[in-house]
2 protein chains.
Amino acid sequence: MTKPEGPRYRRYSSETRGAMLVEAGLACLARGGITAFTVDNICREANASRGLITHHFGSKNGLLAAVYATMYDRFTAVVAPEGRPEPDLATLVDANFDPAVFNPDSLRIWLALWGEIANNPELREVHRQRYLDLLATVERAVAAEAEARGRKLDARAVAVLFVALSDGLWLEQGIDKTMLSREAARDACYSFFDSVLGPLDRPAAPQATTPAPV
Amino acid sequence: MTKPEGPRYRRYSSETRGAMLVEAGLACLARGGITAFTVDNICREANASRGLITHHFGSKNGLLAAVYATMYDRFTAVVAPEGRPEPDLATLVDANFDPAVFNPDSLRIWLALWGEIANNPELREVHRQRYLDLLATVERAVAAEAEARGRKLDARAVAVLFVALSDGLWLEQGIDKTMLSREAARDACYSFFDSVLGPLDRPAAPQATTPAPV
DNA sequence: ATTCTTATGATACGACCGTTCAACAGTGGA
DNA sequence: TCCACTGTTGAACGGTCGTATCATAAGAAT
């Protein structure tokens, strides 16, 4: 019995370990919903000991808030990446159904989180901030398109309805993926804007069957 | 110390007590989401002892399935009451936003349940059956309206999109009721069908505060 | 009255929950 | 080489989880 002892564990910066725990939390949510979002599951998933969540996030709920923020940030990174010009409507629609965000794991995570927002003040706080940001981006795109066509409309209201429609399509897909194809969902959004603004240019429809780009 | 002893508890038929437990379960879901759906909470809410859920429903999960079925049945009772003729599209839309189903408690319950469907086979089974029933009703209404106008379209696909849209509006309302009025939600559905079928007669619009966009 | 059925209350059980905390050990700078 | 810093461990805590069990009693049948 020699002692092949290396370090018994690896030390990470607070920020790196935090990211690892967030990632583990996401995995748990995707696998088993909010019920599976437990300290035991998360730390096992992250190969960390049970004290770490409290240490880095103050509480399990703190981690959950961070997880939620991460989901929103990732969505924003696809929809309106920093450094790019403001997205137009077509870009917004396409990003909405980009496989990077419109995929089974993500949809299940959103479902789990939506069910918690109403009951979790900390989560609700995170939501309010991010949702309004997103809404503002959509609203600007709607207003720009409307102005380009000389149409007058309530851009904020249209933005709310678009977000509702696309969340609804996400929801349907998250509950039962056999009901709706990505293309049908995308088309529904374009139709929505068509009826509000008149026909919209639809950029390079991703071909239906082949493995998705991105 | 006299003994004013009446019966120490009241016996109910299995079916009555079952209904009481379902009701209590709904109350717990509305109050605290799936996290609050616990044996302790539910039995306290129903003024019953902790053994009753297992006794009447086999398990807590059995009760949850019954709760989900109840939600669907109540929705169906508003949307397509038995004994009435098949609802047309306008009836369907209006029923969707009837206060009997479009109210804060119901929406929070739906949110909580949606988050569980993906992770709960028993719940998923209940969902599949009821969802397909509902979809068929919508599909018939769409097909009837299309035929009356001599239009050709994929009624099933349109039905899926309508359900997605209205679920999305419910979702938005459930998460933050300040974003969307009932009237705006209703109008959005009518606009959807307008764009698919041409202008639809809108029966007795409940007073619109502001002429809705879209 | 008496019997029978079965809904009910009460408790016990092992498992897991989230949090706390003192001791430990990896790591970078002295 | 040693030290100080701090990320990390792992046990322990009180509480709650869902379920199984059994004696009890309500209420109908006789």
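Numbers restart at 1 for each chain; the letters A, B, ... are given by sequence-line order, proteins then strands. Treat the numbers as computed from the prediction; the structure is a model and nothing was measured.
Under the salt bridge (charged side-chain N to carboxylate O under 4.0 Å, His left out) criterion, the residue pairs touching residues 62-73 of chain A are A:Asp73-A:Arg130, with sequence neighbours excluded.
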For each nucleotide in nucleotides 22-30 of chain C, reading 5' to 3', give B when a protein heavy atom comes within less than 4.0 Å of its base, S when such contact involves only the sugar-phosphate, and - otherwise. ---BBS---
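Looking only at distances, no side-chain donor or acceptor of A:Arg17 sits under 3.5 Å from a matching main-chain atom of A:Tyr12. Using a distance-only test at 3.5 Å, with no hydrogens or angles considered, no donor-acceptor pair links the side chain of B:Asp98 to the main chain of B:Val101.
A:Glu125 is linked by a salt bridge (Lys or Arg N to Asp or Glu O under 4.0 Å) to nothing, counting only residues two or more places apart in sequence or in another chain. Checked against side-chain contact (heavy atoms from CB on, under 4.5 Å), A:Thr38 has the following partners two or more places apart in sequence or in another chain: A:Asp40, A:Asn41. Shown here are the side-chain contact (heavy atoms from CB on, under 4.5 Å) partners of A:Ser13, two or more places apart in sequence or in another chain: A:Glu15, A:Thr16. For the side chain to side chain donor-acceptor pair (under 3.5 Å) test, residues two or more places apart in sequence or in another chain that qualify with B:Ser106 are B:Asn103. A:Ser59 meets the side-chain contact (heavy atoms from CB on, under 4.5 Å) test with A:Asn61; sequence neighbours excluded. A search for side-chain contact (heavy atoms from CB on, under 4.5 Å) contacts involving B:Leu107 returns B:Phe102, B:Trp170, B:Gln173, not counting sequence neighbours.
Atom P of nucleotide D:dC5 and atom OH of A:Tyr12 are separated by 25 Å, given to the nearest angstrom. Taking atom CG on A:Asn47 and atom C1' on D:dG7, their separation rounds to 16 Å, with Å as the unit. The separation between B:Arg44 atom CZ and C:dA10 atom C1' is 16 Å, rounded to whole Å. Here the P atom of nucleotide C:dT19 and the CG atom of A:Leu63 are 10 Å apart, to the nearest Å. Rounded to an integer number of Å, the gap from CG of B:Asp40 to P of C:dT11 is 14 Å. In this structure, CG of B:Leu52 is placed 11 Å from P of C:dA10, rounded to the nearest angstrom. What separates CZ of B:Phe57 from C1' of D:dG18 is a distance of 16 Å, to the nearest Å.
Residue A:His55 is classed as a base contact, given a heavy-atom separation below 4.0 Å to a base.
Here A:Arg124 does not pair with B:Asp176 in a salt bridge; the nearest charged N to carboxylate O distance is not below 4.0 Å.
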Would you tabulate the pairs of protein nitrogen or oxygen atoms and nucleotide nitrogen or oxygen atoms of nucleotides 19-21 of chain D closer than 3.5 angstrom?
{"unit_1": "D:dT19", "atom_1": "OP2", "unit_2": "B:Lys60", "atom_2": "N", "d": "3.0"}
{"unit_1": "D:dT19", "atom_1": "O4", "unit_2": "B:Arg50", "atom_2": "NH2", "d": "2.4"}

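Near-neighbour residues of DNA chain D inside residues 109-125 of chain B, defined by a heavy atom below 4.0 Å, are absent. Contacts between residues 15-34 of chain B and DNA chain D, counted as heavy-atom distances below 4.0 Å, involve no residue at all.
Ring geometry for A:Tyr72 versus A:Trp110: interplanar angle over 60°, hence perpendicular rather than tilted (30 to 60°).
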Each base of DNA chain C marked ( ) or [ ] if paired in-strand (Watson-Crick or G-U under 3.5 Å), | if paired to another strand and . if unpaired gives |||||||||||||||||||||||||||||.
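Annotation: side chain of A:Glu122 is not in contact with side chain of A:Leu64 (no heavy-atom distance under 4.5 Å). Looking at B:Ser49 and B:Tyr9, their side chains never come closer than 4.5 Å, going by heavy atoms from C-beta outward. When side chains are defined from C-beta on, A:Tyr131 counts as touching B:Glu172, because their heavy atoms get closer than 4.5 Å. No side-chain heavy atom of A:Phe192 sits less than 4.5 Å from a side-chain heavy atom of B:Leu165.
Side-chain N/O atoms of B:Thr38 include one lying less than 4.0 angstrom from OP1 or OP2 on D:dC17.
Between the side chains of A:Arg186 and A:Asn96, no donor N or O sits under 3.5 Å from an acceptor N or O.
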